[in-house]
Protein chains: 2
Amino acid sequence: MNIGEAAQASGVSSKMIRYYEQTGLIPKAARRDSGYRDYDDADIHRLRFIRGARDLGFTVEQIGDLLALWSDRERASADVKALALLHVDALKQKQAEIAAMIATLENLARRCHGDSRPDCPIIEGLAESGGGPIAKARPRRFGKVDELRS
Amino acid sequence: MNIGEAAQASGVSSKMIRYYEQTGLIPKAARRDSGYRDYDDADIHRLRFIRGARDLGFTVEQIGDLLALWSDRERASADVKALALLHVDALKQKQAEIAAMIATLENLARRCHGDSRPDCPIIEGLAESGGGPIAKARPRRFGKVDELRS
DNA sequence: CTTGACCTTCCCATGGTTGGAAGCCCCATT
DNA sequence: AATGGGGCTTCCAACCATGGGAAGGTCAAG
């Protein structure tokens, strides 16, 4: 199977397949004489797994952990479950953050008369809301909540 | 006011202040003879505004639009409200996506016995879930839902 | 005048993904 | 056999928002 067919079959783009290989998430693909990468059913299955995990908001790093558990037959499924539930916690926290943003914004919007007068509580409210000292070093561990594929 | 003091007062790091200036989000700061940037209260207010909008999940690009409305006294507050509500819609959609992820994951986790047996429905379920053809070109317009400052 | 904290500009890294260019390969049709 | 178009290869760059750090200038206190 060519990389293009593998992409089609797994839902992971060729670009990303090469990237995952390059970064070590997946092992180096077999090569044909021509230099073309060659994929078999097991490879496709792994790629589909990655795709599914990505869609559920797992980081590539976390997927690495999951793959390790996957290939390690001795490993307890409890480990996988723990990882999954940890991720659920992270998702729930993000959910709460978004809910807070929505509440704030709707609150401001409700107080905004929304006509042609130029003074707007949304504008004013935004400048007051933050203001505190700098919050530093909030880790960027989450990215990628978008892209539930269309 | 030095950039450091401005950062302290606004909650935007010096690094980001320079970045915002460089990318044109804010006008070029006044300079002292020494070359140091100099900020006044209006600058701080604008920075606080940016900080607040960022915390509410607005993109820098969207903030640019908001700033334009802000500085344009002729502009109707209806425009601001529309922008804000559009953003609320985006936030709600993201919320729905996360809710779906949580539901899927909790579903899988519930079916996972969670003991030391190696077969795990989470692992299996992930490989089946995705699988469809490649979803392409989903716009990356959202970043930054993390980082509600600690 | 020295010291240390601040400022300046520069470049680099992050994560996940897409885009493009330059060059080879494969297959089918002239 | 030649040719053309599409797929493959590698490499390099961009996106967004942010932090890190180096090399050098400035400021204020000791």
Side-chain angles (χ1 to χ4, degrees), chain A residues 1-26 28-39 47 50-51 53-64 134-150, chain B residues 1-8 10-26 28-39 47 50-51 53-64 90 134-150:
Chain A
M1 238 183 165
N2 275 350
I3 198 174
E5 300 167 295
Q8 205 64 28
S10 67
V12 179
S13 73
S14 323
K15 284 273 190 192
M16 290 314 298
I17 296 178
R18 294 195 197 97
Y19 170 73
Y20 290 148
E21 176 180 331
Q22 197 197 331
T23 57
L25 181 67
I26 55 179
K28 292 188 180 173
R31 297 288 185 140
R32 282 201 266 257
D33 291 349
S34 60
Y36 282 22
R37 288 176 181 80
D38 199 11
Y39 298 93
L47 286 171
I50 292 174
R51 173 66 200 272
R54 230 37 220 99
D55 284 351
L56 285 177
F58 284 94
T59 301
V60 171
E61 196 184 0
Q62 293 173 313
I63 296 177
I134 300 181
K136 47 177 308 190
R138 42 259 209 266
R140 176 153 301 350
R141 64 183 80 285
F142 205 84
K144 255 352 162 64
V145 184
D146 326 309
E147 126 187 305
L148 274 273
R149 70 191 168 304
S150 65
Chain B
M1 236 183 169
N2 276 349
I3 197 174
E5 299 167 295
Q8 204 64 28
S10 67
V12 179
S13 73
S14 322
K15 282 276 189 190
M16 290 315 298
I17 296 178
R18 295 195 195 97
Y19 170 75
Y20 291 149
E21 176 180 332
Q22 198 197 330
T23 56
L25 181 68
I26 55 179
K28 290 188 180 173
R31 297 288 187 140
R32 282 200 267 258
D33 292 349
S34 60
Y36 282 22
R37 288 175 180 80
D38 199 10
Y39 297 92
L47 286 171
I50 292 174
R51 173 66 200 271
R54 248 2 243 110
D55 284 352
L56 286 177
F58 284 94
T59 299
V60 171
E61 194 184 3
Q62 293 173 313
I63 296 177
I134 301 181
K136 47 177 306 189
R138 44 263 212 257
R140 178 156 292 353
R141 62 183 82 287
F142 205 83
K144 248 6 162 58
V145 183
D146 326 305
E147 127 184 305
L148 275 273
R149 70 195 168 303
S150 65

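This structure is a prediction, so every number in the text was calculated from the model and none was measured. Numbered from 1 within each chain, the chains take letters A, B, ... in sequence-line order. Note: hydrogens, waters and symmetry copies are ignored here, and every other heavy atom, side chains too, is used.
- Listed pair B:Arg37 / C:dC7 fails the phosphate criterion, with no side-chain N or O lying under 4.0 Å from OP1 or OP2.
- In this structure, B:Lys15 places its NZ atom 14 Å from P of C:dA13, rounding to the nearest Å.
- Whole-Å rounding puts the A:Arg51 CZ to C:dG16 P distance at 15 Å.
- Looking at residues two or more places apart in sequence or on another chain, you find no side chain to side chain donor-acceptor pair (under 3.5 Å) involving B:Glu5.
- The shortest distance between the side-chain N/O atoms of A:Asn2 and the OP1/OP2 oxygens of D:dC8 is below 4.0 Å.
- Separating the CD1 atom of A:Ile63 from the P atom of C:dG15 is a distance of 14 Å, rounded to the nearest angstrom.
- Atom CZ of B:Arg54 is separated from atom C1' of D:dG19 by 14 Å (rounded to the nearest Å).
- Both B:Gly35 and A:Glu61 lie close to DNA chain C; mapped to their nearest nucleotides by heavy-atom distance, the more 5′-ward contact belongs to B:Gly35.
- Of all nucleotides listed (D:dG7, D:dT9, C:dT17), D:dT9 comes nearest to the side chain of A:Ile3.
- Taking atom CD1 on B:Ile26 and atom P on D:dA17, their separation rounds to 14 Å, with Å as the unit.
- Each of C:dG16, D:dT10, C:dC7 was ranked by its minimum atom distance to the side chain of A:Met16; first place goes to C:dG16.
- With a 4.5 Å cut-off on side-chain heavy atoms, A:Arg32 and A:Asn2 count as touching.
- Taking A:Tyr39 as the reference, A:Met1, A:Ile3, A:Ala6, A:Ile17, A:Glu21, A:Ala29, A:Arg37, A:Asp43, A:Ile44 meet the side chain to side chain contact (heavy atoms under 4.5 Å, CB included) condition, with sequence neighbours excluded.
- Look at CG on B:Leu47: it is 12 Å from P on D:dT18, rounded to the nearest Å.
- Summarising the geometry of A:Ser14 relative to A:Gly4, their closest heavy-atom pair is OG-CA, 4.1 Å, with the distance given to 0.1 Å.
- Remark: B:Arg31 engages no residue in a side chain to side chain donor-acceptor pair (under 3.5 Å) (not counting sequence neighbours).
- The distance from the CZ atom of A:Arg18 to the OG1 atom of A:Thr23 is 13.5 Å, given to the nearest 0.5 Å.
- Overall, the helix from C:dC1-D:dG30 to C:dT30-D:dA1 carries an axis bend of 30° between its ends, with five pairs at each end and the value rounded to 10°.
- Taking A:Tyr20 as the reference, A:Val12, A:Met16, A:Leu25, A:Ile26, A:Ile50, A:Arg54, A:Val60 meet the side chain to side chain contact (heavy atoms under 4.5 Å, CB included) condition, with sequence neighbours excluded.
- Rounded to an integer number of Å, the gap from CG of A:Asp38 to C1' of D:dG7 is 14 Å.
- Rounded to whole Å, atom C1' of C:dA5 lies 14 Å from atom CD of B:Gln8.
- Listed in residue order, the members of residues 17-24 of chain A having a heavy atom less than 4.0 Å from DNA chain C are A:Tyr19, A:Tyr20.
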Under 4.0 Å protein heavy-atom contacts per nucleotide of nucleotides 24-30 of chain D, with B for base, S for backbone only and - for none: -BBS---

